[in-house]
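We count residues from 1, following the sequence as given.
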Amino acid sequence: MPVNAIPAATTLTYRMQPHERACFHTNAKKQGEKLAFYFAVQSGGSFDIDYEVRDPKNNEVMKGHKERQGDFVFAAQEVGEYSFCFSNGMSTFAEKVVDFDITAENEQTEPLQPITSKASGKEAATKEMKPLEDGINKLADSLGGIVRQQKYFRTRENRNFDTVQSTTRRIFWFGAIEAFLLVAIGFLQVYIIEMLFNKSSKMRV
């Protein structure tokens, strides 16, 4: 009785405005179906976001406040539409860029066959294929780990780039203000010296 796992994935990048709440949905076709939920804030503010997951009956499955990223897998307890919501309500001016991934894994099983000589041969072939299936499943797990690592490094890269940009802007404005102050002080010194010379000339007269 071979089992085939068919993942249905949705990977998106979404830009959230201040005070915005956005929800995304996926369907669970049967109880026990695995739902995977990954998100990471790529840029904006303190790289944090509020999230919430609700089942078809609007019951809370999980939630978090001011989280930078998360990676969760849970089994669907109800059949129907699950909601994955993000909220940027804590931000007054900062917009956030959120990378997220919603995956539903559907397992399909073949119906049982009557035990005949033909079925016995099929069972023998299935036993021979078992090591291959195990190897494929291990390879899929390894690829999943690599994908998660890539997402993690991409998030780190985007956050570091955003920090560099923010630091560059601060250095620019600090330098501009410093240059303005130097020019203003120079004009002020010239004005004070000119005033002193004018007073000394009047005293001599």
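The structure places CZ of Arg68 at 7.0 Å from OG of Ser46, a figure rounded to the nearest 0.5 Å. Between the CZ atom in Phe187 and the CD1 atom in Ile192 there is a gap of 14.0 Å [rounded to 0.5 Å]. Here the OH-CZ distance, from Tyr82 to Phe74, works out to 6.5 Å after rounding to the nearest 0.5 Å. Note that CG of Asn88 is 8.0 Å distant from CG of Asp48, once rounded to the nearest 0.5 Å.
Considering only heavy atoms from C-beta on, Arg170 stays 4.5 Å or farther from Phe174 through its side chain.
Under the rule for a salt bridge (Lys or Arg N to Asp or Glu O under 4.0 Å), the partners of Glu78 that lie at least two apart in sequence or sit in another chain are Lys57. Arg169 meets the side chain to side chain contact (heavy atoms under 4.5 Å, CB included) test with Gln165, Ser166; sequence neighbours excluded. Evaluation of the side chain to side chain contact (heavy atoms under 4.5 Å, CB included) rule for Leu132 yields Met129, Ile136 as partners, not counting sequence neighbours. Remark: Val79 engages Gln31 in a side chain to side chain contact (heavy atoms under 4.5 Å, CB included) (not counting sequence neighbours). Remark: Asp99 pairs with Arg154 by the salt bridge (Lys or Arg N to Asp or Glu O under 4.0 Å) rule, at least two apart or across chains.
Taking all atoms of both residues into account, the shortest heavy-atom contact from Leu35 to Ala104 is CD2-CB, 3.6 Å. Across every non-hydrogen atom of Arg15 and Val97, the tightest pair is NH1-CG2, 3.6 Å. The minimum heavy-atom distance linking Ala76 with Ala28 is given by the pair CB-CB, 3.7 Å. The two residues Asp55 and Asn59 have their closest heavy-atom pair at OD1-N, 2.7 Å. In terms of heavy atoms, His25 sits closest to Ser83 at ND1-OG, 3.0 Å.
Within the 3.5 Å criterion, the main-chain N or O of Gln17 finds a donor-acceptor partner in the side chain of Glu20. Here the side chain of Glu33 pairs a donor or acceptor atom with the backbone of Lys29 at under 3.5 angstrom.
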Assess whether side-chain contact (heavy atoms from CB on, under 4.5 Å) is satisfied between Met16 and Glu95, documenting all intermediate values.
CA-CA 5 Å; Met16 297 196 67; Glu95 63 177 23; over 6 Å; no
Step-by-step side-chain contact (heavy atoms from CB on, under 4.5 Å) determination, Val41 to Gln69:
CA-CA 6 Å; Val41 182; Gln69 66 184 67; over 6 Å; no
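The existence of a salt bridge linking Arg21 and Asp50 is excluded, since no basic side-chain nitrogen approaches an acidic carboxylate oxygen closer than 4.0 Å.
Taken together through direct or relayed side-chain contacts under 4.5 Å among Ile, Leu, Val, Met, Phe, Trp and Tyr, Phe24 and Val73 form parts of separate hydrophobic clusters. A chain of hydrophobic side-chain contacts below 4.5 Å, direct or via other Ile, Leu, Val, Met, Phe, Trp or Tyr residues, connects Leu12 to Phe84. The cluster map of Ile, Leu, Val, Met, Phe, Trp and Tyr, joined by side-chain heavy atoms under 4.5 Å apart, puts Leu196 and Leu188 in the same cluster.
Side-chain atoms of Ser91 and Lys96 include a donor-acceptor pair closer than 3.5 Å.
Every pair passing ring pair (Phe, Tyr, Trp, His ring centres under 6.0 Å) that includes a residue from residues 38-67 is listed here, sequence neighbours excluded: Phe37-Phe39, Phe39-Tyr51, Phe39-Phe86, Tyr51-Phe72.
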